[in-house]
Amino acid sequence: MRVEVPAAQRYGRMAEITAVHAAGHQGFSPEDVANLSLVIKEAVMLLLDPDRADGTMSFDFQSKAGIVMVEAQLEQQAGKPIPHTRIDRFETSAGSLVDSWKLDPDEHRVWLQKSAKVSC
């Protein structure tokens with residue numbers, strides 16, 4: 001599923017709702033659903049350039065076999081790379097809440113992957 005919204009923090013909620021819905025369908029625990037929602041919120045803050053409020057954000061979601069994958073990108077022209085301070089904030093606040101994440105700071109693009117915990 002693809003979600004495209006204006007590049008403003010208030011529209012990030014659309015991506016959060018989509019992530020929560022996908023995680024629920026993949027059997028995530030309520031705690032993991034909440035964590036994924038927080039990760040999406042932090043990803044929006046990571047990608048947005050507060051000095052430029054133009055363009056769009058796109059979120060591509062894939063979910064299958066207990067896994068949710070998200071590719072998020074700020075689509076704007078001639079943007080500056082994401083500053084290290086925002087990258088550090090994301091890593092500290094959300095990096096440990098997903099199984100893996102990768103960032104292209106020049107393209108304002110982040111990839112996230114989260115798996116449902118298997119109950120014993």
Peer 1: Of all heavy-atom pairs between Ser115 and Asp99, which one has the smallest distance, and what is that distance?
Peer 2: N-OD2, 2.6 Å
Peer 1: So, does Lys41 use its side chain to make a donor-acceptor pair with the main chain of Gly12 at under 3.5 Å?
Peer 2: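 No, because the side chain of Lys41 does not come within donor-acceptor range (under 3.5 Å) of the backbone of Gly12.
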Peer 1: Rounded to the nearest 0.5 Å, what separates atom CD1 in Ile87 from atom CG in Leu46?
Peer 2: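 Between atom CD1 of Ile87 and atom CG of Leu46 there are 6.5 Å.
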Peer 1: Could you tell me if the side chain of Leu47 sits less than 4.5 Å from the side chain of Ile82, heavy atoms only?
Peer 2: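 When only atoms from C-beta onward are counted, Leu47 and Ile82 do touch, with a gap below 4.5 Å.
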Peer 1: If every non-hydrogen atom of Ala43 is compared with every non-hydrogen atom of Phe90, which pair is closest and at what distance?
Peer 2: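 For Ala43 versus Phe90, the nearest heavy atoms are N-CE1, 3.7 Å.
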Peer 1: Backbone N or O of Asp60 within a donor-acceptor pair of the Arg2 side chain at under 3.5 Å?
Peer 2: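 Checked: no pair found.
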Peer 1: More than 12 heavy atoms of other residues, nucleotides or ligands under 6.0 Å from CD of Gln62: yes or no?
Peer 2: no
Peer 1: Tell me, do Val5 and Phe59 make a side-chain contact under 4.5 Å, heavy atoms counted?
Peer 2: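 They are in contact (side-chain heavy atoms under 4.5 Å apart), so the answer is yes.
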Peer 1: What are the two closest non-hydrogen atoms of Glu4 and Ser58, and how far apart are they?
Peer 2: CG-CB, 3.8 Å
Peer 1: Can you tell if the side chain of Trp101 reaches within under 4.5 Å of the side chain of Glu91, non-hydrogen atoms only?
Peer 2: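 When only atoms from C-beta onward are counted, Glu91 and Trp101 do touch, with a gap below 4.5 Å.
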Peer 1: Sub-3.5 Å donor-acceptor pair from the side chain of Gln73 to the main-chain atoms of Glu107, do we have one?
Peer 2: yes
Peer 1: Calculate, to the nearest 0.5 Å, the distance between atoms CD and NZ belonging to Gln26 and Lys64 respectively.
Peer 2: 10.0 Å
Peer 1: Taking all non-hydrogen atoms of both residues into account, name the closest pair between Ala7 and Leu74 and its distance.
Peer 2: CB-CD1, 3.5 Å
Peer 1: What heavy-atom pair brings Val110 and Leu112 nearest, and what distance separates the two atoms?
Peer 2: CG2-CD2, 3.9 Å
Peer 1: Are Glu71 and Arg109 side-chain neighbours, meaning at least one heavy-atom pair lies under 4.5 Å?
Peer 2: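 Sidechains of Arg109 and Glu71: in contact.
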Peer 1: About how many Å separate CD1 of Ile67 and NZ of Lys114, when rounded to the nearest 0.5 Å?
Peer 2: 11.5 Å
Peer 1: Would the distance check show the side chain of His108 and the main-chain N or O of Lys80 forming a donor-acceptor pair, the cut-off being under 3.5 Å?
Peer 2: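 Side chain of His108 to backbone of Lys80: a pair is present.
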Peer 1: List, one per line, each side-chain donor-acceptor pair under 3.5 Å for residues 13-23, sequence neighbours excluded.
Peer 2:
from: Arg13; atom 1: NH1; to: Glu16; atom 2: OE1; distance (Å): 3.4
from: Glu16; atom 1: OE1; to: Ser37; atom 2: OG; distance (Å): 3.0
from: Thr18; atom 1: OG1; to: Met14; atom 2: O; distance (Å): 3.0
from: His21; atom 1: NE2; to: His25; atom 2: NE2; distance (Å): 3.1

Peer 1: Has Asp32 got a side-chain atom pairing as donor or acceptor with Ala116's backbone, closer than 3.5 angstrom?
Peer 2: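 Judged by distance alone, no pair lies under 3.5 Å.
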